[in-house]
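First the structure, in the form of structure tokens, and then the observations on it.
Order of the sequence lines fixes the chain letters, A, B, ..., with proteins taken first and strands second; residue numbering starts at 1 for each chain.
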There are 2 protein chains.
Amino acid sequence: MRPIRAKSGTNQEGASAHNRRVMIDALRLNGQLSRADLARATALTKQAVSNIIEELERDGLVASLAAVRKGRGQPSTPYRLVPEGAFAIGLQIDRHVTRTIAVDLVGAVLARGEANLPAGGPESGTETILSLIERTRRQLTEVAPQSRDRLVGLGVAMPGPFGIDTDPNDPWMMAVWQRFPLSEALAIGTGLDVRLQNDAAAAATAEKMIGAAHGLDQAICIYLGYGVGAGLILDGELYRGANGNAGEIGMILSRPRNGTEDQRAPLEHRASIASLCKILDLDPADPHLYRRLDDITAASNARIAAWIAEAAYELRGAVQTLETIFDPQTIVLCGGMPPGLARQLINAIHPLLPSIAERRTRSAPRLQLGFTDPWAVAIGAAAEPISRTFDPSFSAILKTRSVGST
Amino acid sequence: MRPIRAKSGTNQEGASAHNRRVMIDALRLNGQLSRADLARATALTKQAVSNIIEELERDGLVASLAAVRKGRGQPSTPYRLVPEGAFAIGLQIDRHVTRTIAVDLVGAVLARGEANLPAGGPESGTETILSLIERTRRQLTEVAPQSRDRLVGLGVAMPGPFGIDTDPNDPWMMAVWQRFPLSEALAIGTGLDVRLQNDAAAAATAEKMIGAAHGLDQAICIYLGYGVGAGLILDGELYRGANGNAGEIGMILSRPRNGTEDQRAPLEHRASIASLCKILDLDPADPHLYRRLDDITAASNARIAAWIAEAAYELRGAVQTLETIFDPQTIVLCGGMPPGLARQLINAIHPLLPSIAERRTRSAPRLQLGFTDPWAVAIGAAAEPISRTFDPSFSAILKTRSVGST
DNA sequence: GAAATAAGTCAAGACAATTGACTTAATAAG
DNA sequence: CTTATTAAGTCAATTGTCTTGACTTATTTC
């Protein structure tokens, strides 16, 4: 019989869980708020807010500050998030390096680790990763002993797309990793709740929690890494698409600047760190790539200039396309490259092409620079479990279907 | 003082409203379901479903069918949506014509009207529109007297973008319409709840309720009208962007097929009915344009062939771009052109470019033909209030901020 | 010092889902 | 034909969370 399709219903528990998340989100966005402030901002009653805050305080997620006198009436008691209220681990798997990060509730980094993956592929690589995570967990426990029973999950970021037959000749064997059931293996190995996302999505998560997209509900983050992708923040939530591959803009086929009519090539052949390495004859697996690029960029270099011109041309078009399609509040350009290079690139992208984003009443710039820290993706990976656990979202309200029911 | 930003909380009423919507949505998607079916599908208890269904039945939104014996156990009583449970009016304002449509809860068309707008612009045009709506309402009341107190709103569709300074030389003066506070004027004039959206969004709404996107949560509808736009169905809801202009893909600047490097022109200069009219030396305002295009298409015509080749080239790229960005379940091509032409166009777009959408486990085709009926946008406009009132959505759960509170 | 204003609490009430036992009506098994 | 089994659906009590309205507390303004 054809399965019945329907959305889940909800109940008081769902509503309550949502309200808790709304409080935390409001405190994250506004820094500190009194119960009365929260009641006004969330459209709940003072009493409801009071009960929820009391519970959150008992759970160690919020704490009160000194009372504030502001005008007539009883002074208000502001509340703030307690950073030590929750922790999460992030894992970034890239072609030549694997990084771990531990963050707290407000996204501060408390521990980090790095390792090179053995050449053997996922089976042996998983062991390396598990011991790296274990090391980071120990490090975190030293810095913040509370973290032991306040770890909400493990976020994993790696280059996408997933579930697709990608180029089997990729020398870093991302293809086998993309097919490997990594989430399951790590969930078993760590006992944590594991979620996988692509690197651009992780970068966007970082920008949303502590970066340029903080507090924005509509933002697109273009992430320039080995390839290029976009993290889509739509209505305050990261959009994943039907198969988790939304935003893989590096695979958009378009005509090269000087190509013929029938030629279409992936965007990331022209705008990505991989393409830059190719032009500079650098090995992308070089562990000192970041510093090397920084050195080369400092001196002016004709080949870099050529790459910037080419990449800027493509990204100028990509920015206009994304603005037109999404009508976002802002676009953030981020990626694992030296800030000097990023600055040059974003300058070369300007002036931007005309688009519907050109409106007089803008509060955020059309295009701005985000994180260029190579650790940003790992931070975003770590931020994901925090976001999943504490940010308001539609799916968090709904009842979860009891698995295996008839 | 800086305003406090926060999402709204919710309460039992919000949960209850959501559950009602979920039931209606489930019945819409599955045709008919018993209370037990609904309980399983929505993860609610039998008892909760029973109460909600009883209430919906009292409200005239659902009705029971004959009991069905299927295997052991007490026979189940299936329920279905009652078409006469709700009605809505749709209004399409286009450059040369204005259409009204009345639909019921299941999207069936019950009345339609058409008029040409006077040349005087919005002020005088609003009167024409109001009397057209009034006529359609009377017609609806004749066919379905219940509609008198079951009208849930007025949906308006017109070409976007909104709030932007568009070309003031547009001979149909869309620019002045796009700036005119039409919603307010119509809300006052009709006493109905009015919502405005662009034509591509309306087309997508129609496809979602009764067309190719029915039951899909991730779908993109490319609408080929005078211009070209995309209706974005993301996670089951129409995405509007920060300013309601998401999906205006006609304004994407790209290099024409035989253009030089520095040339970028809007997509809709090459792929739209406007561009077709230009090639054929037709007046887009011609009221018989549709039939005329049909005639011309029937005979083979070199200029049409040239347009198809050009438009197909552009749309092939657009489809690949949209697939790459959104990772949708399907893309629907629709628009107000004769089916013969649409068929030729969609054939010419094939074979599609490679993309992440090429996966073995597809249930829907990558690209399919949707409505080509010129009334489809008006139907979508009418479906919008139905969708807004009865479809599950995040915003429908949240408390509405009491306006003007301190 | 009195009035006004605002933050926050108290206690009762309302509402919608849950729980578990029960009724009803069918098929399957002996 | 009788009995067991299965499933749909109801009944009545319970639970959890928000709301309501009155009240307390603390501060500024007049």
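Within the 4.0 Å cut-off from OP1 or OP2 of C:dG8, at least one side-chain nitrogen or oxygen of A:Thr77 is found. Residue B:Thr45 has no polar side-chain atom (N or O) positioned under 4.0 Å from OP1 or OP2 of C:dA17. Using a 4.0 Å cut-off, no side-chain N or O of A:Lys399 falls inside it from OP1 or OP2 of C:dA17. The phosphate of D:dG9 (OP1 or OP2) has a side-chain N or O of B:Ser34 nearer than 4.0 angstrom. Residue B:Ser16 places no side-chain N or O under 4.0 Å from the OP1 or OP2 atom of C:dC15.
Among the protein residues, B:Asn19 comes within range of the sugar-phosphate backbone only, with heavy atoms under 4.0 Å from sugar or phosphate atoms but none that close to a base.
Residue-environment remark: CD (B:Glu13) stays at or below the threshold of 12 foreign heavy atoms within 6.0 Å. In A:Arg362, the CZ atom is crowded: over 12 heavy atoms of neighbouring residues, nucleotides or ligands sit closer than 6.0 Å.
Listed candidates were D:dT10, C:dG8, D:dT27. Nearest to the side chain of A:Arg69 is D:dT27. Set against D:dG9, C:dA7, C:dA16, the side chain of A:Arg40 has C:dA7 as its closest nucleotide. The side chain of B:Gln47 lies closest to D:dA12 when the candidates are D:dA12, C:dA7, D:dT19. When distances run from any side-chain atom of A:Ser76 to the nucleotides D:dT17, C:dA25, C:dA7, the shortest one goes to C:dA7. The side chain of B:Gln74 sits closest to C:dT24 out of C:dT24, C:dG8, D:dA26. Of the candidate nucleotides D:dC18, D:dG9, D:dA26, D:dC18 has the atom lying nearest to any side-chain atom of A:Ala48. Here C:dA4 is the nucleotide among C:dA4, C:dC15, D:dC18 with the atom lying nearest to any side-chain atom of A:Arg72. The nucleotide whose nearest atom lies closest to any side-chain atom of B:Gln12 is, among D:dT10, C:dT9, C:dC15, C:dC15.
In this structure a side-chain-to-backbone donor-acceptor pair under 3.5 Å is present from A:Arg28 to A:Leu105. Proximity of a side-chain donor or acceptor of A:Lys208 to a complementary backbone N or O of A:Ala213 within less than 3.5 Å is not detected.
Between the C1' atom of C:dT9 and the CD atom of A:Glu57 lies a distance of 15 Å, rounded to the nearest Å. Counting to the nearest Å, the C1' atom of D:dA7 and the NZ atom of B:Lys70 are 10 Å from each other. Rounded to an integer number of Å, the gap from NZ of B:Lys46 to P of C:dC22 is 14 Å. Note: CE (B:Met23) to C1' (C:dA16) measures 12 Å, nearest angstrom. Counting to the nearest Å, the P atom of D:dT10 and the CD1 atom of B:Ile52 are 13 Å from each other. Atom CD1 of B:Ile397 and atom P of C:dA17 are 12 Å apart (whole Å). We find that CG of B:Asn11 is positioned 9 Å from P of D:dT20, with the value rounded to whole Å. Here the P atom of nucleotide C:dA6 and the CG atom of A:Leu38 are 18 Å apart, to the nearest Å.
Taking the charged nitrogens against the carboxylate oxygens, A:Asp391 and A:Arg388 have no contact shorter than 4.0 Å, which rules out a salt bridge.
Positionally, the nearest nucleotide of DNA chain D for B:Ser50 lies more toward the 5' end than for the other of B:Glu13 and B:Ser50.
Between A:Phe326 and B:Phe326, the distance from one ring center to the other falls under 6.0 angstrom.
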